[in-house]
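Data block below; observations after.
The figures here come from the full heavy-atom set of this structure, side chains too, leaving out hydrogens, waters and symmetry mates.
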Amino acid sequence: KEPTPEEEEPLIQFEDPEPELPQRIAERLSPGPPSKPKIGINGMDRLGRLVLRAAVEAGLDVVAVNDPFIPVNQMTQLAKFEAVKSPWQPRRIDLRVSEGPQGQFYVDGKEIGVMGELNAREIPWEKFGVNYVVETNESLNTFNDGRNHLRTVEKDQEDSEQYSENYAGVKRVIVVGPSPDIRSTTVGVDTDRFSRKIFTHSQGHVSALLLALKLLDAKFGVKTCSYTLLKAVMNSSRDIKCPSLGPKTHTRVVKWDFKETLVPCDLPDLEDGVLKIMPEMKGKLSGITIYAPVPEVSMLDLTVRLDSESSDIYMEVCKEMKYRSEGSHRNYIRYIHKQKSEASASSMYAGSNEIFVFDAKSGTQVNKSTVKLIIWFDQEASFARRQVDIIKECYKYDMSQ
């Protein structure tokens, strides 16, 4: 008897062949757990879209997004064209983003569920099999805000047949905004904090300084560190991210344009963030922050006095950073040795998703125990990628249990 169309087994669609194709086929044919985490994103503002891009580029599966204020057509247009003025756009493959005839949201040919719930408790993440949620709204930055996304699926529910046999609900939540009551995690530095359910990652400038000091202290020992942070305050469209940083009380005579001015300021969260992870640096760390009207990429100028002494101490530091960038911290550090005869420039590192780029050519040796280091980081692209790294580390931990 010939099987009817309803009885026929669904055909496996071989789309976009990749190195992990056998694994993908096995995933579809076997009843075991999924080979990739299922990610949901709450909030599709610029940071939410950067997290979406970072997740897709990392090969992860974003299955649903939620935003009550951005319709699908606007979401599609922003995802496609928001970075058109960025200096790194010609050097980067863009995502294939499109809108379906019935309002569907497609990224690289895959449909992503779109919801518009205002209350986080009412978002039906379980409908799409979401295991990990990224909360990108900076106003929803507390532990309770993250807990509102957690879901559990009871196997004895009457409607439990609509869920996969292996679906266990939303297990982890990553809160993007600086949180007052969630302890920060820094990938590349923390290795034992992935058993928690709710996370927040250190900001980009904190991660860059913290990782550099951690590696230097582990290899050479750090006596003191003085830093100058040139913090970019423009986005890719050359608009000031936070206009309120400019002066409000100055008279008209001394009023200045924030787009054309370097502004020294205090940034206490930088040192506080480092000292929370490295309390041994208390009394050894000091510096200043200067807001710079440049887009995306910030720079840290570090003057570090080490415990070790050598006539070639700077070359030894460079060798250590190169070794780390090719080994244990391959996805977190990018090592740049030579730029031919050209000098470095911030726009060269726009779009870099590493925690920092170590610029070996621009640094120098001061004396036998003191070095001056230059590191660059794209605070938006890097920070978005770190949310994805937390998900990957949590997934590894979950699979090992």
Side-chain angles (χ1 to χ4, degrees), residues 20 34-43 46-63 92 95 130-136 141 146 149 170-179 182-215 273-274 276-277 296 298 321 324-335 349 351-358 375-401:
E20 66 273 14
S35 61
K36 295 180 182 179
K38 305 294 184 181
I39 301 172
I41 301 174
N42 187 40
R46 175 165 172 78
L47 187 53
R49 295 188 294 272
L50 286 173
V51 173
L52 171 64
R53 175 186 289 275
V56 173
E57 290 179 348
L60 301 187
D61 196 4
V62 179
V63 297
R92 190 168 186 173
L95 297 181
V130 172
N131 305 118
Y132 302 85
V133 171
V134 182
E135 174 58 79
T136 66
N141 62 350
H149 291 287
V170 177
K171 299 183 289 185
R172 309 296 182 93
V173 179
I174 296 89
V175 176
V176 170
S179 176
I182 305 175
R183 186 174 181 181
S184 296
T185 297
T186 305
V187 295
V189 176
D190 300 324
T191 57
D192 56 350
R193 296 183 183 174
F194 298 106
S195 61
R196 294 181 293 159
K197 291 187 176 182
I198 300 177
F199 295 83
T200 186
H201 196 276
S202 302
Q203 297 298 301
H205 51 282
V206 177
S207 301
L209 179 57
L210 177 59
L211 180 57
L213 290 177
K214 192 73 174 179
L215 296 180
V274 172
K276 286 180 181 178
I277 307 298
E296 300 182 331
S298 300
M321 289 297 178
R324 293 287 186 173
S325 69
E326 296 173 349
S328 60
H329 291 70
R330 181 169 54 90
N331 296 322
Y332 307 138
I333 300 174
R334 180 180 166 196
Y335 181 87
Y349 310 109
S352 297
N353 55 27
E354 296 85 3
I355 294 181
F356 65 78
V357 178
F358 185 84
I375 60 178
W376 307 85
F377 58 96
D378 185 319
Q379 52 198 21
E380 287 189 338
S382 173
F383 187 60
R385 183 55 183 263
R386 302 290 79 77
Q387 318 309 312
V388 175
D389 288 339
I390 288 181
I391 293 176
K392 293 170 68 175
E393 293 296 333
C394 289
Y395 183 73
K396 290 179 183 178
Y397 178 88
D398 293 339
M399 292 295 100
S400 66
Q401 299 304 303

- Task: Give the C-alpha distance, both sets of side-chain angles, the deciding distance and a yes or no for side-chain contact (heavy atoms from CB on, under 4.5 Å) between Cys394 and Ile390.
- Result: CA-CA 6 Å; Cys394 289; Ile390 288 181; 4.0 Å; yes
Arg330, CZ atom: more than 12 neighbouring heavy atoms under 6.0 Å:
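Counting other residues, nucleotides and ligands, CZ of Arg330 stays at 12 neighbours or fewer.
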Restricting to non-hydrogen atoms, name the atom on [X] and the atom on [Y] that form the minimum distance, rounded to 0.1 Å.
X: Tyr397; Y: Ser195; value: OH-CB, 3.3 Å
X: Ala384; Y: Leu47; value: CB-CD1, 4.4 Å
X: Val130; Y: Gly40; value: CG1-N, 3.5 Å

Does any donor atom in the side chain of Ser352 or Arg334 lie under 3.5 Å from an acceptor atom in the other side chain? yes
- Could you point out which residue of Ile174, Val63, Val62 forms a side-chain contact (heavy atoms from CB on, under 4.5 Å) with Ile41?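 Exactly one option meets the side-chain contact (heavy atoms from CB on, under 4.5 Å) with Ile41, and it is Val62.
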Given Arg172, which of Val134, Ile391, Asp398 fulfils the side-chain contact (heavy atoms from CB on, under 4.5 Å) condition?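 Of the listed residues Val134, Ile391, Asp398, the side-chain contact (heavy atoms from CB on, under 4.5 Å) partner of Arg172 is Asp398.
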**OP:** Kindly indicate, with the supporting measurements, whether the criterion side-chain contact (heavy atoms from CB on, under 4.5 Å) is fulfilled by His329 and Leu211.
**Re:** CA-CA 10 Å; His329 291 70; Leu211 180 57; 3.7 Å; yes
Point-to-point distance, once rounded to the nearest 0.5 Å, from [atom1] of [X] to [atom2] of [Y]:
X: Tyr332; Y: Arg324; atom1: OH; atom2: CZ; result: 13.0 Å
X: Leu209; Y: Ile375; atom1: CG; atom2: CD1; result: 6.5 Å
X: Thr185; Y: Arg196; atom1: OG1; atom2: CZ; result: 4.0 Å
X: His205; Y: Phe356; atom1: NE2; atom2: CZ; result: 15.5 Å
X: Thr186; Y: Ile355; atom1: OG1; atom2: CD1; result: 7.5 Å
X: Asn131; Y: Lys36; atom1: CG; atom2: NZ; result: 14.0 Å

- Query: Under the salt bridge (Lys or Arg N to Asp or Glu O under 4.0 Å) test, which residues partner Lys214, sequence neighbours left out?
  - Reply: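 None.
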Do [X] side-chain atoms and [Y] backbone N/O form a donor-acceptor pair below 3.5 Å?
X: Thr136; Y: Gly43; value: yes
X: Ser382; Y: Glu354; value: yes
X: Arg386; Y: Asn353; value: yes
X: Asp378; Y: Gly351; value: yes
X: Thr200; Y: Pro178; value: no

Should the pair Glu296-Arg46 be classified as a salt bridge under the 4.0 Å nitrogen-to-oxygen rule? yes
Q: Could you tell me how the ring of His201 sits relative to the ring of Phe383: parallel (under 30°), tilted (30 to 60°) or perpendicular (over 60°)?
A: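 Geometry flag for Phe383 against His201: perpendicular rings.
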- Query: Between Tyr132 and Leu60, does a side-chain contact (heavy atoms from CB on, under 4.5 Å) hold up when you go through it step by step?
  - Reply: CA-CA 11 Å; Tyr132 302 85; Leu60 301 187; over 6 Å; no
Taking C-beta and beyond as the side chain, do Val388 and Glu57 meet within less than 4.5 Å on heavy atoms?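 No, too far: nothing below the 4.5 Å cut-off.
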Ile333/Leu215 under side-chain contact (heavy atoms from CB on, under 4.5 Å): CA gap, chis, key distance, verdict = CA-CA 11 Å; Ile333 300 174; Leu215 296 180; 3.4 Å; yes
